[in-house]
Asks: 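Let me give you the structure first, and then I'll get to my questions.
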Amino acid sequence: MGAGEVLEGRLPEGNPARLRGWIHRKFVVGGKIFVRLRDSTGVLQCVIDRSRVGDEVYGAFEEAKRESSIVVEGTVHREPRAPGGWELRVTRGHVVWPSEDFPIRGKEGVEFLLDNRHLWLRSTRMRDILKIKHTVLGALREYYLERGWWEVTPPILTGSAVEGGATLFKVDYFGEPAYLSQSAQLYLEVLIYSLERVWAITPSFRAEKSRTRRHLSEYTHFEVEAAWMNMEDMMRVVEETVEHVVSRVLEDRRRELENLGRDTSALERVKRPFPRLTYTEAVERLRSKGVAMEWGEDFGADEEAALTRDFDRPFFVTLFPKQIKAFYMKEYEQDPRLVKGFDLLAPEGYGEIVGGSEREDSYEKLLARIREEGLDPKDYYWYLDLRRYGSVPHSGYGLGVERLVMWIAGLDHIRDATPFPRFRERLRP
RNA sequence: GCCGGGGUAGCUCAGCGGGUAGAGCGCCGGGCUGUUAACCCGGUGGUCGGAGGUUCGAGCCCUCCCCCCGGCGCCA
């Protein structure tokens, strides 16, 4: 039995109930104590009347401060004066453990709340976001599970850089340098030779000293890789995945979205097919809007924001210039200046949430690209081997779970999309 | 790393032509027969981010450093 169930009216008027939780708020007026009990399901008002519970119980609750853990028993009643229209009239109860003065009341600043993250996670706001993330993760798994893909477990500790670009966290591995993974992709490419279609959910790490509302040093990476799929095939997978996740959240977490003030009509519009434009078209579109940009440059924040304003649902940008993308992306057959990569950008200014590509499956071309990037082929011997022993056309993508949650929940900063955010100067709690 | 803003009571902030600090909330005490981030009365509370310097005198001016916030680059 939870507070939320009572508020949903699942118990008839007068029904007995026993609730366990924490004191969210408390008001003492006249001979009554109004305790707002919070548990994982909601916040319910409990009325403690001295004449019903006796002096001892009344005294205990009169003393109890916010966030004390409590057990109360009583009967549920419809009550227009109570928030949510229901309350518990307490007949018995006790304080399990008292709380000291709780430092958070609701007007604190960002730094204070981050220092007290372990306590702030009790807030209804963080609880709602945690539930949405749970549903997002569940929906991602659900989509692939139902279609016969395989979940795998790539390593987090790695012996060499994966993409070569982003900054890696270095750790000591029995006296040898090692790095925290920034992507499981290359390992997933190995595993498709065994399972053909795989996915993994792992933490990824980036040591960049980023200072934006869209970056974390540690984030949850959802990555997919499949043999026999080209770029278009993989884009369809992405499209279906995102549509499925959004509709699942709308179905199961509508109350949480509303609590957070999310405009759900923006999410209702997330239906296939998602618009597609090539990198070259995107550059032209930006120029026609007066944004100065050279063909061959990557999109900056301004460019990306300008693009997302044109769409009311997520959209793809495809076929990028080779020089701005990673070495493993497959060269475009019709124009060797381009690679078969794609990004999925979320609307409403949220920007990139997915990056994917068809992978280079030719041994010679991959080796040449590794050398062009100044990487050492020896570090990639096992990755290159995949192209020597029955190479296969294949594609994959990576999705930032926190970015997806941020957009779906309508958050203004990615730090709230994860319970214990890690970024520059923030390692505790 | 760069650009901009900021660090004053437990929290959110005000203070300024340099004259050694204020409010609200919290907390403590009292009051209130149903409260809704209650209300009323009284009380408590500060090495003004750190170190130097200018000055008769510095929260306020100068120098260096530390920390936080927003943005850029990078990306998921």
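Naming: A, B, ... by sequence-line order, numbering from 1 per chain.
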Asks: Carefully, step by step, assess R125(A) and W120(A) under the rule side-chain contact (heavy atoms from CB on, under 4.5 Å).
Replies: CA-CA 9 Å; R125(A) 172 183 164 81; W120(A) 177 232; 4.3 Å; yes

Asks: Under 4.0 Å between a side-chain N or O of H413(A) and OP1 or OP2 of G70(B)?
Replies: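 Answer yes for this pair, as a side-chain N or O of H413(A) is under 4.0 Å from OP1 or OP2.
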
Asks: Would you indicate what E223(A) reaches in the nucleic acid, counting non-hydrogen atoms under 4.0 angstrom: base, sugar-phosphate, or nothing?
Replies: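 Result for E223(A) = nothing.
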
Asks: So what does I353(A) touch, heavy atoms closer than 4.0 Å: a base, only the sugar-phosphate, or nothing?
Replies: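 Sugar-phosphate only.
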
Asks: Nearest whole Å is fine: how far is G71(B) P from E304(A) CD?
Replies: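 Distance, rounded to whole Å: 14 Å.
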
Asks: G70(B), OP1 or OP2 - any side-chain N/O from R211(A) closer than 4.0 Å?
Replies: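 Answer is yes, contact under 4.0 Å.
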
Asks: Kindly confirm or rule out a cation-pi arrangement of K340(A) over Y332(A), judged by NZ or CZ under 6.0 Å from the six-membered ring centre and within 45° of its axis?
Replies: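 No, K340(A) does not sit over the ring of Y332(A).
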
Asks: What distance, rounded to whole Å, do you find between the two P atoms, one in G50(B) and one in U35(B)?
Replies: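 It works out to 46 Å between them.
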
Asks: Check every strand shown and say whether H24(A) touches a base, only sugar-phosphate, or nothing at a heavy-atom separation below 4.0 Å.
Replies: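 Contact class for H24(A): none.
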
Asks: Would you indicate which nucleotide in G34(B), G73(B), C74(B) comes nearest to any side-chain atom of A301(A)?
Replies: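 Nearest nucleotide to the side chain: G73(B).
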
Asks: Using the P atom as the reference point in each nucleotide, state the distance between G6(B) and U47(B) in Å, no decimals.
Replies: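 That atom pair is separated by 24 Å.
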
Asks: Of all the choices, C27(B), C75(B), G73(B), which nucleotide is nearest to the side chain of K65(A) once you look at every atom?
Replies: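 Nearest to the side chain of K65(A) among the choices is C27(B).
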
Asks: Pick base, sugar-phosphate or nothing for D343(A), based on heavy-atom distances below 4.0 Å to the nucleic acid.
Replies: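 The answer is nothing, as D343(A) stays clear of every strand by at least 4.0 Å.
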
Asks: I want to verify a distance call: between G34(B), C75(B), U12(B), whose nearest atom is closest to the F112(A) side chain?
Replies: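 Within the option list, the nearest is U12(B).
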
Asks: So what does P83(A) hit on the nucleic acid, given a heavy-atom distance under 4.0 Å: a base, only sugar-phosphate, or nothing?
Replies: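 Contact class for P83(A): base.
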
Asks: When you check the side-chain N and O atoms of W22(A) and S68(A), is any donor under 3.5 Å from an acceptor?
Replies: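 No donor-acceptor contact under 3.5 Å links the two side chains.
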
Asks: When rounded to the nearest Å, what value does the distance between P atoms of A21(B) and U55(B) take?
Replies: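 Their P atoms lie roughly 23 Å apart.
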
